[in-house]
A.B. asks: 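Attaching a single structure in structure tokens format; questions to follow.
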Amino acid sequence: MLFFLGFDVIVAVANIGRLSTKDAVLFLCDMQEKFRPNIFQFNNIVSNAARLLQASRILGIPTILTEQYPKGLGPTVPELGAGDLTAHAKTSFTMIIEEVEKELQALGSPKQAILCGIEAHACIACTTYDLLEKGFEVHIVADAVSSRSQTDRLFALSRLKQSGAYLTTTEAVLLQLVEGAKHPNFKEIQKLLTHPSPDTGLLAFFSAL
């Protein structure tokens, strides 16, 4: 980002990826029953996404939920806690379908996406590319994203980082959104951090960061 000061002084300001409750939307991608037996670390991925959903409600962050061909792949799993949300059915890999675009416009065109769900190398990847092309700052929650194969998951995260997405974790997102104990909702968020996030097999990826 560039700011112009006076006639000929240009100051470059780096986009550092600071999350803001005012600009963010939580995207929950295709965490459905038929995927349960096949997705690597499925239960832990959903558990982390559920915590982010709880935090989004506390902090007033809007949430967008999709389901991939729900007629064949079933509904969103109940433990996500998204029963009160309207799920957008889709057959494309990307979450950015017409109905979602309309919802984003109705929200005032936010510019930060917090992205969770499956699969990392398919729907998460295509959604990330579309959001980046639309000017979004994309934060992929690595311990709330997975694929059937750990190989596909890790290579997808590496590829998406190359494209300009930020890789983060569930706990990091929660802490960045409140920024400290003075936040009026800090104690509520703190309760979500009582237990550390489960290990979802990301340590093997660390050396590639």
Side-chain angles (χ1 to χ4, degrees), residues 14-31 39-66 76-85 87 95 103-104 107-108 110-120 123-124 127-128 131-132 136-147 153-154 156-157 160-161 164-203 205-206 209:
N15 184 356
I16 61 172
R18 184 189 296 273
L19 281 168
S20 167
T21 56
K22 296 178 181 178
D23 295 321
V25 176
L26 176 64
F27 287 78
L28 301 173
C29 184
D30 306 352
M31 286 172 273
I39 297 297
F40 181 77
Q41 293 278 346
F42 182 85
N43 290 338
N44 287 334
I45 296 303
V46 172
S47 174
N48 284 332
R51 284 202 292 168
L52 289 166
L53 177 55
Q54 291 176 62
S56 74
R57 289 174 171 141
I58 293 168
L59 299 171
I61 296 172
T63 302
I64 291 175
L65 173 72
T66 61
T76 298
V77 295
E79 60 265 38
L80 182 60
D84 61 323
L85 298 177
M95 295 179 73
E103 188 169 344
L104 290 171
L107 291 171
K111 286 301 179 183
Q112 292 183 324
I114 302 169
L115 185 53
C116 309
I118 57 178
E119 289 184 71
C123 298
I124 295 296
T127 300
T128 298
L131 287 169
L132 289 171
F136 272 78
E137 184 182 286
V138 181
H139 297 254
I140 300 173
V141 189
D143 60 353
V145 162
S146 194
S147 297
R153 179 196 188 199
L154 298 183
L157 291 173
L160 294 170
K161 183 173 182 284
Y166 293 100
L167 302 185
T168 187
T169 64
T170 300
E171 188 162 324
V173 169
L174 298 180
L175 293 172
Q176 287 169 27
L177 287 171
V178 294
E179 294 191 323
K182 291 184 178 180
H183 192 284
N185 301 113
F186 175 75
K187 289 196 177 295
E188 292 173 274
I189 297 300
Q190 188 180 39
K191 291 177 182 177
L192 299 176
L193 300 172
T194 302
H195 301 289
S197 296
D199 177 16
T200 64
L202 287 170
L203 291 181
F205 180 58
F206 184 76
L209 292 177

A.B. asks: Locate the shortest heavy-atom distance separating A142 from L157; write the atom from each residue and the value.
C.D. replies: CB-CD1, 4.1 Å
A.B. asks: Using only atom types and a distance under 3.5 Å, with no angle test, would you say the side chain of R153 pairs donor to acceptor with the backbone of V145?
C.D. replies: yes
A.B. asks: Give, for atom CD of Q54 and atom CD1 of I189, the distance between the pair rounded to the nearest 0.5 Å.
C.D. replies: 9.0 Å
A.B. asks: Got a sec, which residues hit ring-ring contact (aromatic ring centres under 6.0 Å, His included) with Y166, two or more places apart in sequence or on another chain?
C.D. replies: H139
A.B. asks: For the residue pair A120 and L160, what are the closest heavy atoms and their distance?
C.D. replies: O-CD1, 4.2 Å
A.B. asks: How far does CG of N48 sit from CG of N43, to the nearest 0.5 angstrom?
C.D. replies: 11.0 Å
A.B. asks: Going from CD on E137 to CD1 on I114, what distance comes out if it is rounded to the nearest 0.5 angstrom?
C.D. replies: 10.0 Å
A.B. asks: Apply side chain to side chain contact (heavy atoms under 4.5 Å, CB included) to the pair L192 and T194, showing each step before the final yes or no.
C.D. replies: CA-CA 6 Å; L192 299 176; T194 302; over 6 Å; no
A.B. asks: The criterion is side chain to side chain donor-acceptor pair (under 3.5 Å); which residues satisfy it with Q190, sequence neighbours excluded?
C.D. replies: none
A.B. asks: Would a 4.5 Å heavy-atom cut-off, applied to side chains only, mark L85 and T63 as touching?
C.D. replies: yes
A.B. asks: From C29 SG over to I64 CD1, what is the distance, rounded to the nearest 0.5 angstrom?
C.D. replies: 11.5 Å
A.B. asks: Heavy atoms, side chains only, cut-off 4.5 Å: are T200 and S146 in contact?
C.D. replies: no
A.B. asks: Which residues satisfy the salt bridge (charged side-chain N to carboxylate O under 4.0 Å, His left out) test with D84, sequence neighbours excluded?
C.D. replies: R57
A.B. asks: Under a 3.5 Å distance rule, please check whether S47 uses its side chain to pair with a backbone N or O of N44 as donor and acceptor.
C.D. replies: no
A.B. asks: Working to the nearest 0.5 angstrom, can you tell me the gap between L28 CG and I118 CD1?
C.D. replies: 11.5 Å
A.B. asks: Using the salt bridge (charged side-chain N to carboxylate O under 4.0 Å, His left out) rule, collect all pairs that involve residues 39-51, keeping only residues at least two apart or in two chains.
C.D. replies: none
A.B. asks: Locate the shortest heavy-atom distance separating E79 from V46; write the atom from each residue and the value.
C.D. replies: CG-CG1, 3.6 Å
A.B. asks: Kindly give the heavy-atom pair with the smallest separation between P110 and L107, and that separation in Å.
C.D. replies: CD-CB, 4.0 Å
A.B. asks: Considering non-hydrogen atoms only, spot the tightest contact between P62 and A24 and give its length.
C.D. replies: CD-O, 3.5 Å
A.B. asks: Output side-chain donor-acceptor pairs under 3.5 Å for residues 169-182, partner residues at least two apart or in another chain, one line each.
C.D. replies:
residue : atom : partner : partner atom : Å
T169    : OG1  : A172    : N            : 3.3
T170    : OG1  : D143    : OD1          : 2.9
E179    : OE2  : R18     : NH1          : 3.2

A.B. asks: Determine the sole option in T66, L65, L80 for which the side chain to side chain contact (heavy atoms under 4.5 Å, CB included) test with M31 is passed.
C.D. replies: L80
A.B. asks: Taking the side chain as everything from C-beta on, heavy atoms only, tell me whether V25 gets closer than 4.5 Å to Q112.
C.D. replies: no
A.B. asks: Taking salt bridge (charged side-chain N to carboxylate O under 4.0 Å, His left out) as the test, write out the residues that go with E188, two or more places apart.
C.D. replies: none
A.B. asks: For the residue pair L202 and L154, what are the closest heavy atoms and their distance?
C.D. replies: CD2-CD2, 4.0 Å
A.B. asks: Measure the CE-CG distance between M95 and L115 for me, rounded to the nearest 0.5 Å.
C.D. replies: 6.5 Å
A.B. asks: Heavy-atom distance under 4.5 Å between the side chains of F42 and V77, does that happen here?
C.D. replies: yes
A.B. asks: Step by step, work out the side chain to side chain contact (heavy atoms under 4.5 Å, CB included) result for L104 and F136.
C.D. replies: CA-CA 11 Å; L104 290 171; F136 272 78; 4.1 Å; yes
